[in-house]
Amino acid sequence: MPLALLALALGAFGIGTTEFVIVGLLPDVAGDLSVSIPQAGLLVTGYALSVVIGAPLMTIAGNRIPRRGMLLLLMGFFVAGNLLCAIAPDYGTLLAGRVVAAICHGAFFGIGSVVAARVVDPGREARAVALMFMGLTLANVLGVPLGTLLGQQFGWRATFWVVAGLGVAGLLGVRFLVPPQEREPGAGIGRELAAFRAPGVWLGLATTTLGFAGVFASFTYLAPMMTDLAGFPPAAVSWLLVLFGAGLCVGNYLGGKAADRALMPTLYAVLGGLTVVLLLFTVTVHTRLGAAVTVAVFGAVAFATVPPLQLRVLRQTGGAPALASSANISAFNLGNALGAWLSGLAIDHGLGYTAPNWIGALLTAAGLGIALVSGLLDRRAPRERLVTDRADVSA
């Protein structure tokens, strides 16, 4: 296994930690800066929106920079943003720090996916991407709980100091472990934008948005589902999240391995499996044992979708993958926001805490439908080229 993948995973671990750790620190931040909990919650929303906007913009801005150099620049933004959060004297400065840190998120994962796929032998690309994203899954299992505990014991600023330190470690890892990578001949912003002419790229982005929206439609409201419907005490929620995180790690690895063998069948299988699991969750959520088992399976199937969704877009772009890859990270985050918003809307209209599960199933099923259409177009394209070639020969 190339050491470059470990450096990318370390960067992903730091980025994933800073993205979600704020959720556990919201009461501390709100109390310290004298703002309401909903206002503090904008620190989460602001980060997500900055990822959606920043991913393509930063990729375009760094188009002429070699990939390793761009990764170093992005980690520099990450460190600066978290340092700003750590010393923030007021809410506005803290929000600004979150935005600066988020600017690097999508482009790092987008360009990092391209780099990861390039440092391994052909046929192992999805596993390489999965290993990089393993840093993100470990952030949910280890980084977020430990960061929350650290902030509760020593103040929320301590968490951001430590995360900034993780960023420095990631930056050094990229500098010394990731080999220099030159851009493909002729690669430029025009060629990167031209990749979006391919219908497969747009279908891939739509599959990611809707397919992964189902995950956050349910996951966002996992805590009230576990306490109000399954009957778990509030203290048990953290352990259930660890169970979910363990499922993420398993699913991420298996999804990457399977996608290398058969990309589209794997994509169909994991999206179909996620749809079924979410539908079953509407039933199993009413018992403790059923809910706990489903949470673990849900985590596994949810992150088994990530490697094939990312690799699907990468393979549609030819020799200009960076911008489309970053755009797919935006698609993941757009799906997160869409799923959470639709489920919240349903709960506000009195449909109850089971609604997020069947809403998630519908969203993922829609993503599966788009994936099937995309696969059908892939099979039709070679036949059309064959007919054209024969016609040219006959002429």
Hey, is the main chain of G200 close enough, under 3.5 Å, to the side chain of S374 for a donor-acceptor pair?
no

Out of curiosity, does L274 fall in the hydrophobic cluster containing L372 (side-chain heavy atoms, cut-off under 4.5 Å, transitive links)?
yes

Is it the case that the side chain of T17 and the backbone of G143 share a donor-acceptor pair, with hydrogens and angles ignored and the cut-off at 3.5 Å?
no

L33 to P89 - nearest heavy-atom pair and separation
CD2-O, 4.2 Å

Whether the side chain of R288 engages the backbone of G231 through a donor-acceptor N/O pair (distance < 3.5 Å, no angle test) should be reported.
yes

Check for me, please, whether L43 and L84 land in the same ILVMFWY cluster - side-chain distances under 4.5 Å, paths through other members count.
no

Any side-chain heavy-atom pair of M132 and F109 under 4.5 Å:
yes

Spell out, as yes or no, whether a donor-acceptor pair under 3.5 Å connects the side chain of S50 to the backbone of A102.
no

Taking side chain as C-beta onward, heavy atoms only, is L280 less than 4.5 Å from F298?
no

CG (L289) and OG1 (T294) are apart, to the nearest 0.5 Å, by 8.5 Å

Identify the two heavy atoms, one from A116 and one from A128, that lie closest to each other, and give their separation to 0.1 Å.
O-CB, 3.4 Å

Within a strict 4.5 Å, meaning less than it, do heavy atoms of the M75 and V168 side chains meet?
no

Worked check of side chain to side chain contact (heavy atoms under 4.5 Å, CB included) between R175 and L71:
CA-CA 9 Å; R175 172 61 181 84; L71 290 174; over 6 Å; no

Compare every heavy atom of P356 with every heavy atom of I347, then report the nearest pair and how far apart it is.
CD1-CG, 3.9 Å

Tightest non-hydrogen contact, residues L131 and A9, listed as O-CB, 3.7 Å

Are the side chain of T282 and the backbone of L279 linked by a donor-acceptor contact shorter than 3.5 Å?
yes

Could you walk me through whether F332 and Q310 pass side chain to side chain contact (heavy atoms under 4.5 Å, CB included), step by step?
CA-CA 10 Å; F332 275 112; Q310 190 70 5; 3.7 Å; yes

What's the verdict on side chain to side chain contact (heavy atoms under 4.5 Å, CB included) for C85 and R157, showing C-alpha distance, side-chain angles and the deciding distance?
CA-CA 7 Å; C85 290; R157 297 176 191 277; over 6 Å; no

Output field: ring centroids F219/F244 closer than 6.0 Å:
yes

Donor-acceptor pair, distance only, cut-off 3.5 Å: does the side chain of D90 make one with the backbone of T93?
yes

Report whether Y353 and V295 are members of the same hydrophobic cluster (ILVMFWY, side-chain heavy atoms less than 4.5 Å apart, transitive linking).
yes

Is there side-chain contact between R68 and V115, with heavy atoms separated by less than 4.5 Å?
no

Please say yes or no: joined through hydrophobic side-chain contacts below 4.5 Å, possibly via intermediate residues, are L342 and L351 part of one cluster?
yes

Given the rule that I, L, V, M, F, W and Y join up when any side-chain heavy atoms are under 4.5 Å apart, are Y221 and V277 in one cluster?
yes

Among L263, D260, T207, exactly one meets side chain to side chain contact (heavy atoms under 4.5 Å, CB included) together with P308. Which residue is that?
L263

Do you know the tightest heavy-atom contact between G167 and V79?
C-CG2, 3.5 Å

Return yes if some donor-acceptor pair links the side-chain N/O of T18 with the main-chain N/O of I15 below 3.5 Å, else return no.
no

Would you say that M134 contacts C249 through its side chain, given a criterion of any heavy-atom pair below 4.5 Å between the two side chains?
yes

Evaluate the ring planes of F216 and F212, with Trp represented by its six-membered ring, and classify them as parallel (under 30°), tilted (30 to 60°) or perpendicular (over 60°).
tilted

Are T159 and F154 close enough that some pair of their side-chain heavy atoms sits under 4.5 Å apart?
no

Check: T208/R312 side-chain N/O donor and acceptor closer than 3.5 Å
no

Find the distance between CD1 (I103) and CZ (R98) and round it off to the nearest 0.5 Å.
13.0 Å

Rounded distance [0.5 Å steps], CG in D32 versus CH2 in W156
6.0 Å

Hey, could you give me the CE/CZ distance between M58 and F108, rounded to the nearest 0.5 Å?
12.5 Å

Return yes if some donor-acceptor pair links the side-chain N/O of N82 with the main-chain N/O of F78 below 3.5 Å, else return no.
yes

Backbone N or O of G335 within a donor-acceptor pair of the T209 side chain at under 3.5 Å?
no

CG of L309 to CG of L205: how many Å apart, nearest 0.5 Å?
10.5 Å

Nearest atoms (heavy-atom pairs only) where G16 meets A139
C-CB, 3.6 Å

With a 4.5 Å cut-off on side-chain heavy atoms, are V21 and L146 touching?
no

To the closest 0.5 Å, what do you measure between CZ (F232) and OG1 (T227)?
10.5 Å

Quick one: do I53 and L57 satisfy side chain to side chain contact (heavy atoms under 4.5 Å, CB included)? Show the steps, please.
CA-CA 7 Å; I53 297 170; L57 291 181; 3.6 Å; yes

Decide yes or no for T284 and V293: does some side-chain heavy atom of the first lie under 4.5 Å from some side-chain heavy atom of the second?
no

is_close_aromatic(H105, Y47), centroid dist under 6.0 Å
yes

N252, V215, V270 screened by side chain to side chain contact (heavy atoms under 4.5 Å, CB included) with F303, the one that passes
N252

A258 backbone acceptor or donor facing T266 side chain under 3.5 Å:
yes

